[in-house]
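Below is one structure, written out as structure tokens, with a few remarks after it.
Heavy-atom basis, side chains included; hydrogens, waters and symmetry copies ignored. Proteins get letters first, then strands, A, B, ... in listed order; numbering begins at 1 in each.
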2 protein chains.
Amino acid sequence: MARGDRSALPGGTAMLVLALLQEREMYGYEIIEELEKRSDQVFQMKEGTLYPVLHSLEKEKLVTARDQEAPSGRKRRYYRVTAAGLQALEAKKEEWQVYARAVTAILTNA
Amino acid sequence: MARGDRSALPGGTAMLVLALLQEREMYGYEIIEELEKRSDQVFQMKEGTLYPVLHSLEKEKLVTARDQEAPSGRKRRYYRVTAAGLQALEAKKEEWQVYARAVTAILTNA
DNA sequence: ATAATATACCTAGATAATCTAGGTATAAGG
DNA sequence: CCTTATACCTAGATTATCTAGGTATATTAT
């Protein structure tokens, strides 16, 4: 549909991830669970989707990562959103709203 | 994200097309112009996206097509939504709303 | 004890939607 | 006459996501 950055649009995994991290740092597995819970089971993101997204967000410096052991003993990789990440989030949210408004305009047409 | 029919979701070209055809029959080029106009320039669907979608909608019997010459003399192919198409539209709209609500829930989180 | 499930990370290759970039042909406008 | 707009089309590239694996440790059930 030629609207530039498709990654900010539905299917916009990055936007959802950044939105969660805005609140607090989280590790991958936790992100999947939170998305599922907060979306009332609508989002069931696959690991094969999330982990590559996290890696590319890290490469773009929109998040930083650190390893930490859980009390249980399992290793977790926590992600924290950067200032650039917050900026990117705002841009993606705006794009989402433009897109959602446009869809609504078509669906509630004459 | 594993929600079954990805085609009903943003990027859901088929839903937008069916929504327009609900109103009246249209030809391909017209659909592109209408989407652009009604979305306030947000949707700028490419011909390479639309025509294949129209062909697959026709194969699925969600639309029917007929050729008609314009007063200008150019040949146009008009598409009309079928009863099955209207049903599909309702399903896609419902899916869209579930999806949009879920996104909103994440974006307006705690 | 041990088997199964849940947690936690990862990647390679397949699938599917959309775009790019062409092609054809006619009509209208400069 | 030449360019732009209209109007249709398709093949191949791109990209997001999924499938389907793999590894390893912790918890729960049998």
Handout entry: Letter per nucleotide, 5' to 3', of nucleotides 25-30 of chain C [B base touched, S only sugar-phosphate touched, - untouched; heavy atoms, 4.0 Å]
Key = -BS---
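Under the side-chain hydrogen bond (donor to acceptor under 3.5 Å, both in side chains) criterion, B:Glu58 pairs with B:Arg77, sequence neighbours left out. By the side-chain hydrogen bond (donor to acceptor under 3.5 Å, both in side chains) test, B:Tyr27 is found to be paired with B:Arg76, residues two or more places apart in sequence or in another chain being considered. Evaluation of the side-chain hydrogen bond (donor to acceptor under 3.5 Å, both in side chains) rule for A:Glu33 yields no partner, not counting sequence neighbours. Applying the salt bridge (Lys or Arg N to Asp or Glu O under 4.0 Å) rule to B:Lys61 yields no partners; only residues at least two apart in sequence or on another chain are considered. In this structure A:Gln68 satisfies the side-chain hydrogen bond (donor to acceptor under 3.5 Å, both in side chains) test together with A:Arg66, sequence neighbours excluded.
Map B:Leu54 and A:Pro52 each onto its nearest nucleotide of DNA chain D; the residue landing nearer the 5' end is B:Leu54.
With C:dT7, C:dC10, D:dC9 as the choices, the nucleotide that has an atom nearest any side-chain atom of A:Arg77 turns out to be C:dC10. Which of D:dC8, C:dA8, D:dT19 sits closest to the side chain of A:Glu47 comes down to C:dA8. Among C:dC10, D:dT6, C:dA8, the nucleotide with an atom closest to any side-chain atom of A:Tyr29 is C:dA8.
We find that CD of A:Glu36 is positioned 16 Å from C1' of C:dA8, with the value rounded to whole Å. Note: CE (B:Met45) to P (C:dA17) measures 13 Å, nearest angstrom. Following rounding to the nearest Å, B:Tyr78 (OH) and D:dC8 (C1') show an atom-to-atom distance of 14 Å.
Among the protein residues, A:Gly28 comes within range of the sugar-phosphate backbone only, with heavy atoms under 4.0 Å from sugar or phosphate atoms but none that close to a base.
In this model, the phosphate group of C:dC9 is approached by a side-chain N or O of A:Tyr51 to a distance below 4.0 Å at OP1 or OP2. Side-chain N/O atoms of A:His55 include none lying less than 4.0 angstrom from OP1 or OP2 on C:dC9. Distances shorter than 4.0 Å separate some side-chain N or O of B:Tyr27 from OP1 or OP2 on D:dA7.
Counting only heavy atoms from C-beta outward, the side chains of B:Leu20 and B:Met26 approach each other to under 4.5 Å.
In this structure, A:Lys37 pairs ionically with A:Glu34, as a charged nitrogen and a carboxylate oxygen lie closer than 4.0 Å.
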